[in-house]
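One structure is given below, encoded as C-alpha cells.
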Amino acid sequence: MKKYLPFLAASLFAVTTITAQEAPTGSESSSSSYMQCVRMRETEPLWKITQENPTVTRFTTPKEAADGDAHRGVTASTRGDKKDIAPDPVVQTTEGTLAGPATIENFDGVAGQGYVPLDPNGMVGPSYYVQTINSVYAIWNKNGTAKLGQTDLSKLFGSFTCDDGDPVTMYDKFADRWIISEFQENDKGCTGSGVIDTLMFAVSETNDPTGKYYLYYFCPDPTTQVMDYPKYTIWADGYYMTCNCQNTDWVIVFDRTNMLAGSKTAGFIKIQYNYSPFASGCGGGFYCPMMMYADGSLPPYGEPNYLLDYQDPNWGGSCATKNDIRIFKVSVNWTSKTGSIALAQTLTTAAFNSTFPNDPNRNDLDQPGSANYASLDVSDGFFSYRIPFIRWSNYNAAVMCNVVNTGTNPTSGSAMAGIRWYELRQDTTTKSWSIYQQGTYAPADNVSRFCPAIAMDQNGSIGLQFSVSDPKSIYPGLRFTGRTLCDTLGKMGIGETTVVAGNAVANTSLRWGDYSHLSIDPSDGVTFWGTSMYANSKIGGSNVTSHIYSTKITACSPTGISEIPAIAAELKAYQNGSMLEVIGTKLPQCNNVYVELYDINGKKIMGTNVMPSSNELHTSLNVSTVASGIYFVRILNDSFQRTVKVAIN
C-alpha cells in the first residue's frame, strides 16, 4: 500500500525554537518551534474526484491498519506491581428509568477496504454528514441518502499519500467549513524515515463538502518522530492536535486563520512537553492526552486551551498514588509564533480501575463463540475523543469519558468494561476547574460497554454512545444512553437505545473501534449524531462495518426554571438597516436570557440581558459600526442556549 514520492529538501523547513516561560513547578519547561507547511495545493471538486474514482478495492482478508502498534494500555513490565484496586464508589448498576430515545436517522456507513480497525469518525453540518474511516470518505444527506459514495482518500490527497490511516473529519461550524485529515508513514516528502511523519489536511473552500479543498502537508518532525493516533480539536486561535507521539510528546497548533484563507504560508506551532505518566517511571505504553473541543461557541480569541489526561495507581510501578485528572493550560502566540504548556490543576476523582488482565495483548473482552478472534481490545488508558467544551452564561463546561474495568464476567471469567464519565465546570472569573459530577455507567447485566463517545447539547443534556459485547449472546453492537438536567448527578437517567445490534463475531485481529464519534447538529443544537462500528455477517471478511445515526434527548425543565414541559427554544436573527433583530420563541420565562453577538474567532462584539415575556423575546442590537462579515448570535442562561449564524452588511 506504500507509494514513494520525490524527496523534498530539508531547506523547506524554517524552524525557530523558543523556550516558554511558563511551566509547572518542579517540571521541565516546555519549548516550542514554528514551521510552515511543506506543500499546499487546490483540488478538483470532491464530487468530480468521486465520479472519476467510483470503485474502492476491498481486501478479501482483513489487514491491520498502519497504526498497528497503537495498543491502549501499559506494558507488561508494570503489571506485577499493582496497587490494591479500590471499589468504584460512583458505579451505576441499573439503566435509567426514562425511555431511551428513538433514533431519527439510522443507517450503515461505509465498510471501507478491509483495514481493521475501521477508525470510524464523522461530523454533521447544516445539510450533510461526512464520514471517514481507514482509508475512505463518504458523504450523506441528512436524511440518510448517499450524496457521494465511498472513495479512497488517496484520490483526495493525491499521489502524496499512501493511505496510512487515522483519518479525522471535523466541521468547523464557526467558519462553516469542513476539514478532513490523514497521516502518512514513511513519506519521501518529509524524511523517508519509516515513521509516521506527515500530517495531511483538506480544508473545504466553501461550506459545500462536495466542492474544492485546499490541501496542506505538514511535517512536524523532520527526523524520527512518530505521530500515531492524531486527535484534532477546534479552538478560536487554531486547530489543536495531540497524538500517541511515543518518542517526544507534542501539542501541535495549526494556523486556522491562514488554512481557512487558503494561504500557502500556513504553518504550525509545535510545543514539546514531558508530562506523560510513562516519563515518570510508569513503564511504557499508549499515551494520547486530549485537548478540549469548542462545541457550543468559541472561547474568546487568545484564551488558552486545555489538555487533559488521567492517572491510575492500578498501573503499578511508580505511577500515581491516587486516581486523578490532570489539566494543562496550553497557550499560543501567533505574533511571536511561540507556545507553552503549564500544569494548571490536578483534580482527585472517585476511585476507578482502568487496567485489564490481558494488557498489553489486547484480548480484553470476550465475544460469543470461540473463534481465533473472539476477544476485543477495549482501548484503555486515555480519554475518548472528543472532550466537548461548552460555554454557558456563568460557567464553562467540559464532558469526557474513558473505559474502566468493572469486574469479572461470571460466564467466561474475563474482564467486564464500563464507562467512567465526567462533567467538569470552570469558574469564568478564577478560571479554576472542578468536578461537577462523575459516574461509572455499568449496568449489572454482564454486558461490557466500551469504545465510548460523549457530547452535551444546548439544553445541557448529555449523550453517551458505546459499543457492547458479552461472551454469551451479545455480538458487538452500538447503543446510546444519556441524561437531562433534571437527573440525579452522576447518573444516566435515560434507558439504553439499541442503535444497531451485532449479529456475528468480529474478526478484527482483536482491534475494535479505536475511534467513536458523537457530535451535535449545528442546525438545532440538540440533535446528536453518532458513528461507530458493529459486527455484521453480511460484510464478510472481518464481519464489521460502520454505522451512522441521529437521536434527540427530550429536555426537562428543572423546578422554577420554566412553566413549559421541555426547553424547545428557537432562535432567529436578521439585519434590518442598522439594527440586528433577534427573536427567540418557546423560551423559559422565569429567568433572564443573555443575548450576545460574536465574530467567527469568538470575540464578543456586544450583548444585553432580556427577560422573556410569554416565553418569547424580541430585542434589537445596533450594528451600524460593526464590520461586514459572518457573525453568531447566541441566547443563553444556565439551563439552555441557542446559536444562529447571521451575515452583517
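Note that the numbering runs from 1 along the sequence shown for the chain.
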I want to check something: taking the side chain as every heavy atom from C-beta on, are [X] and [Y] in contact at a cut-off of under 4.5 Å?
X      : Y      : answer
Thr242 : Tyr385 : no
Leu347 : Tyr422 : no
Val203 : Asp172 : no
Cys401 : Leu464 : yes
Val124 : Pro522 : yes
Tyr239 : Ile234 : yes

So, for [X] and [Y], which heavy atoms are closest and what is the spacing to 0.1 Å?
X      : Y      : result
Trp315 : Gly381 : CZ2-O, 4.3 Å
Asp108 : Thr545 : OD2-CG2, 4.0 Å
Ala506 : Val544 : CB-CG1, 3.6 Å
Pro476 : Trp512 : CB-CH2, 3.4 Å
Leu260 : Ala175 : CD1-CB, 3.6 Å
Asn258 : Tyr216 : O-OH, 3.4 Å

How would you list, by chain and number, every residue that makes a side chain to side chain contact (heavy atoms under 4.5 Å, CB included) with [X], sequence neighbours excluded?
X      : value
Ala344 : Lys329
Val500 : Leu478, Tyr534, His547
Ser181 : Val168, Phe201, Tyr232
Ala202 : Leu156, Phe157, Ile180, Tyr213, Leu215

Spacing of [X] atom [atom1] and [Y] atom [atom2] [to the nearest 0.5 Å]:
X      : Y      : atom1 : atom2 : value
Asp88  : Asn405 : CG    : CG    : 10.5 Å
Ile387 : Asp295 : CD1   : CG    : 12.0 Å
His517 : Ile548 : NE2   : CD1   : 12.0 Å
Leu46  : Thr151 : CG    : OG1   : 7.0 Å
Trp235 : Asn305 : CH2   : CG    : 4.0 Å
Ile252 : Tyr240 : CD1   : OH    : 13.0 Å

Is it the case that [X] and [Y] place a side-chain donor and acceptor less than 3.5 Å from each other?
X      : Y      : result
Ser546 : Gln131 : yes
Thr132 : Asn121 : yes
Asp324 : Thr349 : no
Lys231 : Tyr515 : yes

With [X] via side chain to side chain donor-acceptor pair (under 3.5 Å) - residues at least two apart:
X      : answer
Thr233 : none
Tyr306 : Gln426
Tyr441 : Glu496
Tyr549 : Gln465

Just by distance, do the side chain of [X] and the backbone of [Y] share a donor-acceptor pair under 3.5 Å?
X      : Y      : result
Lys270 : Ser31  : no
Arg177 : Ser204 : yes
Glu182 : Leu153 : no
Ser448 : Ala417 : yes
Asp364 : Phe356 : no
Asn134 : Pro117 : yes
Ser384 : Pro452 : yes
Ser519 : Met123 : no
Asn543 : Val505 : yes

Applying ring-ring contact (aromatic ring centres under 6.0 Å, His included), name anything that partners [X], two or more places apart in sequence or on another chain.
X      : answer
Trp334 : none
Tyr171 : Trp178
Phe528 : Phe480
Tyr475 : none

Task: N-O pairing of Asp309 and Arg326 below 4.0 Å - done: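 So Asp309 pairs with Arg326 through a salt bridge.
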Open item on the list: Checking Met400 against Asn402 for the side-chain contact (heavy atoms from CB on, under 4.5 Å) test, could you report, in this order, the C-alpha distance in whole Å, the side-chain angles of both residues, the deciding distance, and whether it holds?
Closed with: CA-CA 7 Å; Met400 64 208 70; Asn402 61 278; over 6 Å; no
TODO: List the steps and the verdict of side-chain contact (heavy atoms from CB on, under 4.5 Å) for Phe254 and Cys37.
DONE: CA-CA 10 Å; Phe254 296 91; Cys37 64; over 6 Å; no
- [ ] Would you check, one step at a time, whether the test side chain to side chain donor-acceptor pair (under 3.5 Å) holds for Ser542 with Asn507?
- [x] CA-CA 4 Å; Ser542 62; Asn507 299 322; over 6 Å; no
TODO: Let me know which of Tyr287, Tyr293, Tyr310 forms a ring-ring contact (aromatic ring centres under 6.0 Å, His included) with Phe383.
DONE: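 The residue from Tyr287, Tyr293, Tyr310 that satisfies ring-ring contact (aromatic ring centres under 6.0 Å, His included) with Phe383 turns out to be Tyr310.
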Task: Ring centres under 6.0 angstrom apart (Phe183, Tyr229) - done: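 Not close enough - the centres of the two rings lie 6.0 Å or further apart.
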Task: Chi angles and distances behind the side-chain contact (heavy atoms from CB on, under 4.5 Å) call for Val110, Tyr137 - done: CA-CA 8 Å; Val110 293; Tyr137 66 83; over 6 Å; no
TODO: State whether Phe352 and Arg420 meet the cation-pi test: NZ (Lys) or CZ (Arg) under 6.0 Å from the six-membered ring centroid, and within 45° of the perpendicular axis.
DONE: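 Not flagged: Arg420 not positioned over aromatic ring of Phe352.
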Task: Audit row: Ser379, Asp514, side-chain contact (heavy atoms from CB on, under 4.5 Å) steps and yes/no - done: CA-CA 7 Å; Ser379 299; Asp514 272 17; 3.8 Å; yes
